[in-house]
Amino acid sequence: MNDFYEMIYEVVRHVPKGRVTSYGAIAKYLGSAQSSRLVGWAMNQAHGRKPPVPAHRVVNRLGILSGKHHFGHPKLMEQMLAKEGVKVKKDTVQNFKKVFWDPAIELKL
DNA sequence: CGATTGACGTACG
DNA sequence: TCGTACGCCAATC
């Protein structure tokens with residue numbers, strides 16, 4: 001696979017439990033800040049990747065589970081996040097700013 | 001090979 | 001404050 005996707009997957013895998021990140025943050029970290037959609041596409045391809053990519057920890061910049069519909073069942077993403085300690089209310093991550101995990105800061109390029 | 005879409009984000013009305 | 005429009009890159013039709 002292209003390193004581009006691997007990088008995305010790696011970043012997502014580095015997201016600590018109980019934390020979430022955004023497509024834009026990943027895109028920016030990869031240097032493709034304007035290509036936030038690419039990150040979404042990468043997530044689409046994430047299915048079947050090994051090791052599995054915790055895509056449920058990736059939300060849009062508003063903290064909304066925009067891609068929950070791609071997890072097989074819409075409620076699944078919310079459940080997984082809740083199980084990891086992330087409060088999710090109506091498809092939106094509560095206290096998003098606090099649980100937000102920025103690769104540009106944490107990974108400190 | 002051209003047109004459309006997509007798990008986004010920002011700008012503008 | 002909410003809704004609509006546009007840009008961006010890649011994959012799929």
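Note on naming: letters A, B, ... go to the chains in the order of the sequence lines (proteins, then strands), and numbering restarts at 1 for each one.
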Student: What is the separation between atom NZ on A/K28 and atom P on B/dG9, rounded to the nearest whole Å?
Tutor: 12 Å
Student: Please give, in whole Å, the distance from B/dG6 C1' to A/L38 CG?
Tutor: 10 Å
Student: Which is true for A/A55 with a 4.0 Å heavy-atom rule: it touches a base, it touches only sugar-phosphate, or it touches nothing?
Tutor: base
Student: Between P on B/dC8 and CG on A/L65, what's the gap in Å once rounded to a whole number?
Tutor: 11 Å
Student: In whole Å, what is the span from the CG atom of A/L62 to the C1' atom of B/dA7?
Tutor: 13 Å
Student: How would you list, by chain and number, every residue that makes a side chain to side chain contact (heavy atoms under 4.5 Å, CB included) with A/S22, sequence neighbours excluded?
Tutor: A/A25, A/F100
Student: Using heavy-atom distances to pick each residue's nearest nucleotide on DNA chain B, tell me which of A/N60 and A/W41 is more 5'.
Tutor: A/W41
Student: Which side-chain N or O atoms in residues 57-67 of chain A pair as donor and acceptor under 3.5 Å with protein atoms at least two apart or in another chain?
Tutor:
residue: A/R57; atom: NE; partner: A/E84; partner atom: OE1; Å: 2.9
residue: A/R57; atom: NH1; partner: A/V15; partner atom: O; Å: 2.7
residue: A/R57; atom: NH2; partner: A/E84; partner atom: OE1; Å: 3.4
residue: A/R57; atom: NH2; partner: A/E84; partner atom: OE2; Å: 3.0
residue: A/N60; atom: OD1; partner: A/L62; partner atom: N; Å: 3.1
residue: A/N60; atom: OD1; partner: A/G63; partner atom: N; Å: 3.0
residue: A/N60; atom: OD1; partner: A/I64; partner atom: N; Å: 2.7

Student: For nucleotides 5-8 of chain C, give me every protein contact, N/O to N/O, under 3.5 Å, one pair per line with atom names.
Tutor:
residue: C/dG7; atom: O6; partner: A/R37; partner atom: NH1; Å: 3.4
residue: C/dG7; atom: O6; partner: A/R37; partner atom: NH2; Å: 2.8
residue: C/dC8; atom: N3; partner: A/R37; partner atom: NH1; Å: 2.9
residue: C/dC8; atom: N4; partner: A/R37; partner atom: NH1; Å: 3.1

Student: May I ask you to verify if any side-chain N or O of A/Y5 is less than 4.0 angstrom from the OP1 or OP2 atom of C/dA11?
Tutor: yes
Student: Would you mind telling me which of C/dT12, B/dA7, B/dG9 lies closest to the side-chain atoms of A/M43?
Tutor: B/dA7
Student: Without decimals, in angstroms, what is the distance between A/I64 CD1 and B/dA7 C1'?
Tutor: 12 Å
Student: Between protein and nucleotides 10-13 of chain B, what N or O pairs are separated by less than 3.5 Å?
Tutor:
residue: B/dT10; atom: OP2; partner: A/R61; partner atom: NE; Å: 2.7

Student: Taking only residues at least two apart or on different chains, which pairs with a member in residues 73-82 of chain A satisfy side-chain hydrogen bond (donor to acceptor under 3.5 Å, both in side chains)?
Tutor: none
Student: Can you list the residues that meet the salt bridge (charged side-chain N to carboxylate O under 4.0 Å, His left out) rule with A/D102, with sequence neighbours excluded?
Tutor: none
Student: Measure from CG on A/D91 to P on B/dC8 and round the result to the nearest Å.
Tutor: 13 Å
Student: Side chain of A/H47 only, heavy atoms from C-beta on: which candidate in B/dA7, B/dG6, C/dC9 is closest?
Tutor: B/dA7
Student: Rounded to whole Å, how long is the line connecting atom CD1 of A/I26 with atom C1' of C/dC9?
Tutor: 16 Å
Student: In this structure, how many angstroms lie between the C1' atom of C/dA11 and the NE2 atom of A/H70, rounded?
Tutor: 14 Å
